[in-house]
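In what follows, a single structure is set out as structure tokens and then discussed.
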Amino acid sequence: MLEEGILDSQFTQLQGLQDESNPNFVAEVVTLFIKDAQKIINHLSYYMSQEVVDFSEMDPYVHQIKGSTSSIGARNMTLACSDLHQASDAKNKEMCLQALNKINHEYCRLQVKLHLIVQLQNTIFTMETNERLRGSRYAAMSMQRRFPRFKVLFGFISSFLFFQLLITKHK
């Protein structure tokens, strides 16, 4: 997902904040982001559906979604939000609509990928917990050290899902 530009190093840093004391940190942040981003997109869509757009009313939502996407490391979505910010500052409704469409598109792609990450992390957490409960001598090792190819597998799964989305979209 880093190679595709969907996520950037900010997401990697976010993952680094997760530890044994807060094993669901990333899942919680992702869940909040998905929920909040959808609400903001709905607000922006409402403003853009008005015959006369009140750009000053829309501005806080533009800043909020741009900051949220940047904080979570959603690179492509952040770029689309920057386009919306510029179009909003220029009070150009047509450019705003184009940027909002791109935000919606990137949000849908991102949502699928983030759900996959959460599922994979939950699986890893469950496996590690089961090993600890069994008293395995390898329990102290992280899953990534025991399975060094996990990142390669994860990248493969991400690419596979991306191509599935493209194939589905073109049908």
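Between the Gln10 side chain and the Ile72 main chain, no donor and acceptor come within less than 3.5 Å of each other. Between the side chain of Thr123 and the main chain of Gln119, a donor-acceptor pair closer than 3.5 Å is present.
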Validation: residues 31-39 side-chain donor-acceptor distances under 3.5 Å, sequence neighbours left out:
| unit_1 | atom_1 | unit_2 | atom_2 | d |
| --- | --- | --- | --- | --- |
| Thr31 | OG1 | Ala27 | O | 2.7 |
| Gln38 | NE2 | Asn42 | OD1 | 3.0 |

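To the nearest 0.5 angstrom, Leu7 atom CG is 9.0 Å from Lys113 atom NZ. Of the inter-residue distances, the one linking Leu44 atom CG with Ser88 atom OG reads 8.5 Å to the nearest 0.5 angstrom. Going from atom NE2 of His115 over to atom CG of Leu120 covers 13.0 Å, rounded to the nearest 0.5 Å. Going from atom NZ of Lys66 over to atom OG of Ser68 covers 12.5 Å, rounded to the nearest 0.5 Å. To the nearest 0.5 angstrom, His43 atom NE2 is 11.0 Å from Ile65 atom CD1.
The closest side-chain heavy-atom distance from Ile117 to Gln15 is below 4.5 Å. In this structure, the side chains of Glu106 and Arg109 come closer than 4.5 Å at one or more pairs of heavy atoms. Using a 4.5 Å heavy-atom cutoff, the side chains of Met77 and Ile103 are in contact. Using a 4.5 Å heavy-atom cutoff, the side chains of Cys96 and Phe55 are in contact. Looking only at side-chain heavy atoms (C-beta outward), Asn22 and Glu28 come within less than 4.5 Å of each other. Using a 4.5 Å cut-off on side-chain heavy atoms (C-beta onward), Val53 and Met58 make contact. Using a 4.5 Å cut-off on side-chain heavy atoms (C-beta onward), Thr69 and Tyr107 make no contact.
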Stepwise side chain to side chain contact (heavy atoms under 4.5 Å, CB included) check, Val29 with Phe11: CA-CA 11 Å; Val29 170; Phe11 188 78; over 6 Å; no

Check against side chain to side chain contact (heavy atoms under 4.5 Å, CB included), Val62 and Ile40: CA-CA 8 Å; Val62 174; Ile40 296 168; over 6 Å; no

Pair Ser45-Leu100, side chain to side chain contact (heavy atoms under 4.5 Å, CB included): steps then yes or no: CA-CA 8 Å; Ser45 296; Leu100 187 56; 3.7 Å; yes

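The cluster map of Ile, Leu, Val, Met, Phe, Trp and Tyr, joined by side-chain heavy atoms under 4.5 Å apart, puts Tyr47 and Met95 in different clusters.
Lys93 pairs with exactly one of Gln98, Met48, Gln50 by the side-chain contact (heavy atoms from CB on, under 4.5 Å) rule, that one being Met48.
For Ser70, the side chain to side chain contact (heavy atoms under 4.5 Å, CB included) partners two or more places apart in sequence, or in a different chain, are Thr78. Partners of Asp59 under the side chain to side chain contact (heavy atoms under 4.5 Å, CB included) rule, at least two apart in sequence or in another chain, are His63, His85, Asp89.
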